[in-house]
Amino acid sequence: MKSAAQIHLSDVQAVYSGPEGRLWELLMGEQVHMGGLASSQDLAERAGIGPGQAGVDFCCASGAGMRFLVRFRHVARMTGVDATGPMLELGRRRCAEEGLVDRLEFVEADVCASGLPSGQFDFVWGEDAWCYVADKRRLIAEATRLLKPAGRIAFTDWMEGSVELSADEASRYLAFMKFPSILTLAEYNALLTEQGCTAIVAQDTGRFPCHARLYLDLIEKQLTYDALKIIGFDTALAQRLVGEMHFLLGLAEAGKIIQGQIVAEKRS
Ligand SMILES: C[S@@+](CC[C@H](N)C(=O)[O-])C[C@H]1O[C@@H](n2cnc3c(N)ncnc32)[C@H](O)[C@@H]1O
């Protein structure tokens, strides 16, 4: 595990209530994760998510993942948990615009203590967000608690790859991204096992390098004005952000950071 003790949930909430969060949405779209719809389809397929099921999206942001699941996988109902109030307001508005309020519910809470009932859900879902949660053990314990027996945890996350980050690289990466900690696939696997789950899928999606290049292309070749507008036309800040994104691309190309994908089943 690589961690940055100085980063707290309040830092993450500041990101997703402000310009940085809007910048990520400009580059990634409503689904703020690598690979957008294709990534969600792939994860849902591997996890066997389908009609009639009830799920929870941990770190749902504006709920685009949940809208995907009810629209394309015909999931009966979804509950989204997120700690950033403005994100949930945006999510409720978007659900109303899309006529989905009856099937989606938003809860403002830390995913480590969601307050949701035990053993009621077929699956817990997460897309590229658990890297923002400091205590991964509590996160996995909470996800497992919510599941029915044989329920599934299905998530993608920004993880450390098979080539280890140096201490300097890790501290620069975590500080830029506001990640309090990141795990490897094996470290997640160990936590899942500890909580009584068995991993069915645990792999590198291989998306990181090409998507990092895509975001850089967008920001450098097409959306430069829009990005600058979001950050108050601060060109020095823009230069710094682009520099850090090139740094991320280098780490991804070296196999040091990945988008990991895991599907695990709760043992009955
Ligand atoms: C990258 S966005 C999530 C993107 C979303 N999964 C998607 O695919 O569109 C990260 C979200 O995680 C939320 N978050 C981070 N730490 C959290 C925590 N401990 N509890 C609840 N939400 C958290 C943030 O508020 C933010 O909305």
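We count ligands from 1, going down the list as the structure has it; atoms in each ligand are counted the same way. Just the heavy atoms: all of them, side chains too, but no hydrogens, waters or symmetry mates, feed the values below.
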### Query
Any sub-3.5 Å donor-acceptor pair from D122's side-chain atoms to G151's backbone N or O?
no

### Message
Pairs of nitrogen or oxygen atoms closer than 3.5 Å, one from D82 and one from ligand 1: do any exist?
### Response
yes

### Task
Please report which non-hydrogen protein atom sits nearest to atom 8 (O) of ligand 1, along with the residue it belongs to and the distance in Å to one decimal place.
H33 ND1, 2.7 Å

### Query
Any heavy atom of M28 sitting closer than 4.0 Å to ligand 1?
no

### Query
Using a distance-only test with no angle check, is there a side-chain donor-acceptor pair under 3.5 angstrom linking S181 and K136?
yes

### Message
My understanding is that only one of H211, R207, Q261 makes a side chain to side chain donor-acceptor pair (under 3.5 Å) with S39; could you say which?
### Response
R207

### E45 CD: over 12 foreign heavy atoms closer than 6.0 Å
no

### Task
Pull out every atom of ligand 1 sitting under 4.0 Å from any heavy atom of Y132, numbered as shown with elements.
1 (C), 10 (C), 15 (C), 16 (N)

### Task
Please work out whether any backbone atom (N, CA, C, O) or any side-chain heavy atom from C-beta onward of D128 is under 4.0 Å from ligand 1, and answer side chain, backbone, both or neither.
backbone

### Summary
So for Q31 against ligand 1, with non-hydrogen atoms under 4.0 Å, the contacting part is backbone

### Near-ring test F123/F155, centroid separation under 6.0 angstrom
no

### Query
In the protein, what heavy atom is nearest to atom 19 (N) of ligand 1, and what distance, to one decimal place, separates them?
D110 OD1, 3.1 Å

### Selection from G65, C59, A129 by shortest heavy-atom distance to atom 5 (C) of ligand 1
C59

### Message
Out of all atoms in ligand 1, which are within 4.0 Å of some heavy atom of M87? Include the element for each.
### Response
27 (O)

### Query
Just by distance, do the side chain of R152 and the backbone of L147 share a donor-acceptor pair under 3.5 Å?
no

### Query
At under 4.0 Å between heavy atoms, which part of A64 makes contact with ligand 1: side chain, backbone, both or neither?
neither

#### Entry: Heavy-atom donor-acceptor pair, Q259 side chain to M34 backbone, under 3.5 Å
yes

## Note on the structure
Here the atoms of ligand 1 under 4.0 Å from any heavy atom belonging to E30 are 9 (O)

### Message
Under 4.0 Å, counting heavy atoms only: does A109 come that close to any atom of ligand 1?
### Response
yes

### Query
Quick check, are the ring centers of Y132 and F179 under 6.0 angstrom apart?
yes

### Query
Can you tell which of D57, D157, L9, V12 gets a heavy atom nearest to atom 17 (C) of ligand 1?
L9

### Query
Is ligand 1 less than 4.0 angstrom away from at least one heavy atom of Q13?
no

## Note on the structure
Checking heavy-atom distances from atom 1 (C) of ligand 1 to each of W24, Y16, F155, the winner is Y16

#### Entry: Taking atom 4 (C) of ligand 1 as the reference point, the nearest protein heavy atom with its distance
V32 O, 3.5 Å

### Task
With R73 as the cation and F68 as the aromatic partner, state whether NZ or CZ is under 6.0 Å from the six-membered ring centre and within 45° of the axis.
no

### Heavy-atom donor-acceptor pair, K256 side chain to G161 backbone, under 3.5 Å
no

### Message
I'd like to know if the side chain of W130 and the backbone of F58 have a donor-acceptor N/O pair within less than 3.5 Å.
### Response
yes

### Within-cut-off N or O pair, V111 and ligand 1, under 3.5 Å
yes

